[in-house]
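Below: the structure, in structure tokens.
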Amino acid sequence: MRISKLFGKTLREVPADADTVSHQLLVRAGMVNQLGAGVYSYLPLAWRVLKKIEDIIRDEMDKAGGQEVNLPVLQPLELWQLTGRDKAFGKSLFTLYDRRERPLALGPTHEEVITQLVGRYARSYRDLPLLLYQIQVKFRDEPRPRGGLIRVREFHMKDLYSFDVDEAGLDESYRKMLQAYQNIYDRCGLPSMLVEADSGAIGGKDSNEFMVIAESGEDEIIYCPDCKYAANVDKAAGVKGSIDNGKPLPVEEVATPGMGTIEEVAGFLKVPQSHTLKAVFYIADGEMVFVVIRGDLGVNEIKLNNQLKAGELRMATEAEVIEAGIVAGAASPVGIKGFKVIADDSVKSGTNFVAGGNKPDTHIRNVNYPRDFKADIVADIAMARAGDKCPECGGTLASTHGIEVGHVFKLGTFLSEKLGALFVDEKGESHPTVMGSYGIGIGRLMAAAIEQNHDDKGIIWPVPIAPYHVYLCPLYREGSEVAKVTEKLYEELEAAGLEVLYDDREESPGVKFNDADLLGIPFRVTISPRTLQKDSVELKKRSEREAELVPLEEIAAKLKGLVEG
RNA sequence: CGGGGCGUAGCGCAGUCCGGUUAGCGCGCCGCGUUCGGGACGCGGAGGUCGGCAGUUCAAAUCUGCCCGCCCCGACCA
């Protein structure tokens, strides 16, 4: 490809509304253009990268036994109402009406469609297992698109769905997909991390995410440096450690004038925050919920809602708390009545806690569970943090940030039951298929690759997903052979099967080199009167500082070797 | 949806507070010439509903109201 003909233009200045590195570089390189919030056009260079990623994914899906299909984006809303997931997705579901006023959704994912489809065709255990996938556009009306391609409203996704006769089959399909995903990230040159995850709106039981570690990542990951344990903070279960406060003592009221927050109370009474219990209030589907947790810990709302299973969960406002007759600043589970009480299991981690007195300016010492208060539910609802102990090996947990580039779910049978994806077993009995679902965001993967591979000059593409292999860069001089030799070399390289971006513009060397760096093509070949004096060209890897001179007749073979790695 | 910021040429910005000539600057773009190993230079040129609508005024990019869009921080997810 000759740059003079390439659609797209590099920018010298950083676009004002991009502050994520990958976003800035994609725009500066002339690869993407924003149309609206979370909606982008992909120019030729970006599209080549996306296609390369897709090809790698396709290859791995096919190797794992997947069959590619293509499902409708336009889906009757009715189908979503059948599974109740129209509510789970809520406003993220793009809906529209056809000319007969019938409601439709733009597919945010395709479980409903494919489950119904499989129910029609796979009627026997002999038809299973099935692994069906597609690479196609998805629509999600995200509350807040951000970070360029990191989080968008229209995006390309590979989604695969597995259908098995039983749990053991699902486990096997799931295992195959984990391996295939690992292969995909490896082949894209991206180090990925497998973490435990919450299943969110998709639903289901086990769930894992693949993360690419990056500063700009939206997700916090809690992991153990000593073993394999790693989980999204939404899901992570840190061991909280116990608080040794001696044998349970009788409760004792203490005056705490003006002390409202845990910090103030603990400081005033000269006890660590971990020796206190705090009360936090939520509204779950309109009902006040009283949450108790050790003073040094934070509530993980996702874990909390996994206990409550509320449609809408939010913190109560101060007004709501007061209206409920709760003494803000000194609220306590001790003696409280008329609320659903959920306690974090940290209430069992020690003795003789300080808790609120349910009277203004009053706290109580020596509160012990379950002697002094009861809870409707006691479960882990705390936010795990670095420094907690690993639930697997007891090591000390650490935390980092990551970009979620893949998410897999063991769905089970709740969708196949609702949508009638049933099969008949050897005995002639009918059962719902056991499902799994597996997604990779293609554009996000590209953005993650840039986040992971760049420097202050631009992108540094891993070879397998680079838009072109070679940046052919002649430095013209009147009366020299450069133009002629370059044209010949261009043909030779292309004939050798290399993908060449040929900078045939009459620009100064600085402009060409800077564009080469910005675009991040892995190998730059410079031809100038100087190199031709030695019948050579200059070869520079984008990932390295130094260049080397390579004889003209060897360069094609050399590049071929480098690209094929 | 809550909080913060922004909207003037393809991109980056000034001008707006304090209304007043043909609305500027840099980059990029077009033409000619000189340059050429890390974003060269000269000369000439094209390009703008000042986000939109309404209002105030002799006069609005500038003041007022309403609306729209975009970015960032929080609750959601590939």
Side-chain angles (χ1 to χ4, degrees), chain A residues 8-20 23-24 27-28 30 33-39 53 57 88-93 108-109 135-160 181 197-202 207 209-212 217-219 232 234 282 301-302 305 312-315 317 403-409 437-448 457-458 473-478 480 482 505-518 524 526-531 538 540 547:
Chain A
K9 226 177 152 359
T10 57
L11 262 37
R12 294 193 185 197
E13 277 170 297
V14 179
D17 55 6
D19 64 12
T20 306
H23 188 196
Q24 292 176 350
V27 174
R28 281 227 293 139
N33 184 258
Q34 181 170 21
L35 182 61
V39 181
I53 295 171
I57 292 174
F89 273 86
K91 288 188 173 170
S92 297
L93 198 63
T109 176
I135 297 175
Q136 186 220 42
V137 68
K138 304 283 185 248
F139 294 89
R140 296 186 187 175
D141 198 356
E142 293 289 345
R144 186 159 91 82
R146 63 159 288 255
L149 296 189
I150 299 288
R151 178 167 219 79
V152 292
R153 299 196 298 168
E154 173 178 340
F155 61 102
H156 289 256
M157 175 164 124
K158 185 286 303 176
D159 44 327
L160 182 143
Y181 272 41
D198 184 77
S199 55
I202 302 285
S207 179
E209 291 165 338
F210 285 87
M211 295 283 185
V212 169
E218 298 179 283
D219 293 278
N232 191 307
D234 294 345
Y282 284 86
E301 293 184 13
I302 290 166
N305 201 26
E312 187 213 18
L313 179 72
R314 58 175 175 84
M315 280 190 89
T317 62
I403 300 170
E404 179 191 346
V405 291
H407 198 164
V408 298
F409 306 83
S437 145
Y438 315 83
I440 294 182
I442 317 281
R444 183 128 111 192
L445 185 57
M446 174 169 76
K457 298 294 242 175
C473 188
L475 303 181
Y476 301 122
R477 227 353 148 56
E478 232 173 292
S480 81
V482 169
R505 298 171 301 173
E506 306 241 357
E507 289 286 354
S508 69
V511 170
K512 291 184 169 189
F513 290 153
N514 280 106
D515 276 347
D517 287 345
L518 176 59
R524 187 184 80 195
T526 307
I527 306 176
S528 70
R530 209 156 87 188
T531 68
E538 182 193 86
K540 184 183 167 298

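Keep in mind that the numbers below use all heavy atoms, side chains included, and drop hydrogens, waters and symmetry copies. Within every chain, numbering begins at 1; the chains are lettered A, B, ... in the order of the sequence lines, protein sequences first and strands thereafter.
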Kindly say whether, by distance alone, the side chain of A:Glu507 makes a donor-acceptor pair under 3.5 Å with the base of B:G39? no
Output the single nucleotide from B:G37, B:G39, B:C77 whose closest atom is nearest the side chain of A:Pro509. B:G37
Comparing A:Leu518 with A:Arg144, nearest RNA chain B nucleotide closer to 5' gives the residue A:Leu518
Under 4.0 Å between a side-chain N or O of A:Gln34 and OP1 or OP2 of B:G69? no
Any ion pair linking A:Glu301 and A:Arg314 (charged N to carboxylate O, less than 4.0 Å)? no
Taking only side-chain nitrogens and oxygens of A:Ser508, does any of them come within less than 4.0 Å of OP1 or OP2 of B:G39? no
For the side chain of A:Arg28, counting heavy atoms from C-beta on, which of B:C77, B:G37, B:G39 is nearest? B:G39
Tell me what A:Pro145 touches on the nucleic acid: a base, only sugar-phosphate, or nothing, going by heavy atoms under 4.0 Å. sugar-phosphate
Using a heavy-atom cut-off of under 4.0 Å over every strand shown, decide if A:Glu506 touches base, sugar-phosphate, or nothing. nothing
Can you identify which nucleotide, out of B:C72, B:G37, B:C70, has its nearest atom closest to the A:Ala37 side chain? B:C70
Considering only atom C1', compute the distance from B:C41 to B:U35 and round it to an integer number of Å. 7 Å
Have a look at A:Gly148 and say if it touches a base, only the backbone sugar-phosphate, or nothing, with a 4.0 Å heavy-atom cut-off. nothing
Check the phosphate of B:G74 against A:Arg146, side-chain N and O only, distance under 4.0 Å to OP1 or OP2. Yes or no? no
Specify the residue among A:Phe513 and A:Ile440 whose closest nucleotide of RNA chain B lies further upstream toward the 5′ end. A:Phe513
Separation of the P atoms in B:C63 and B:G7, to the nearest angstrom: 12 Å
Interatomic distance at P, B:G37 relative to B:G52, whole Å: 47 Å
Kindly indicate whether the side chain of A:Arg444 and the base of B:C77 share any N or O donor-acceptor pair separated by less than 3.5 Å? yes
For the C1' atoms, the ones on B:G4 and on B:A54, what distance do you get once it is rounded to whole angstrom? 28 Å
Quantified in whole Å, what is the P atom distance between nucleotide B:U8 and nucleotide B:U49? 12 Å
Measure the distance from CZ on A:Arg524 to C1' on B:G38 and round it to the nearest whole Å. 8 Å
Nearest to the side chain of A:Asp517 - B:G12, B:A78, B:G38? B:G38
Taking only the P atom of each, what is the distance from B:A14 to B:C58 in whole angstrom? 33 Å
Interatomic distance, A:Leu11 CG vs B:A9 P [rounded to whole Å]: 15 Å
Using atom P of each nucleotide, how far apart are B:C50 and B:G10 to the nearest Å? 13 Å
Is there a donor and acceptor pair closer than 3.5 Å between the side chain of A:Asp17 and the base of B:C72? no
Assigned partner base of B:A40, Watson-Crick or wobble definition, under 3.5 Å: B:U34
Between B:C68 and B:G28, how far apart are the C1' atoms? Round to whole Å, please. 29 Å
Donor-acceptor pair under 3.5 Å: do we get one between A:Arg151's side chain and the base of B:C76? yes
Examine B:C29: is either OP1 or OP2 under 4.0 Å from a nitrogen or oxygen in the side chain of A:Lys9? Give yes or no. yes
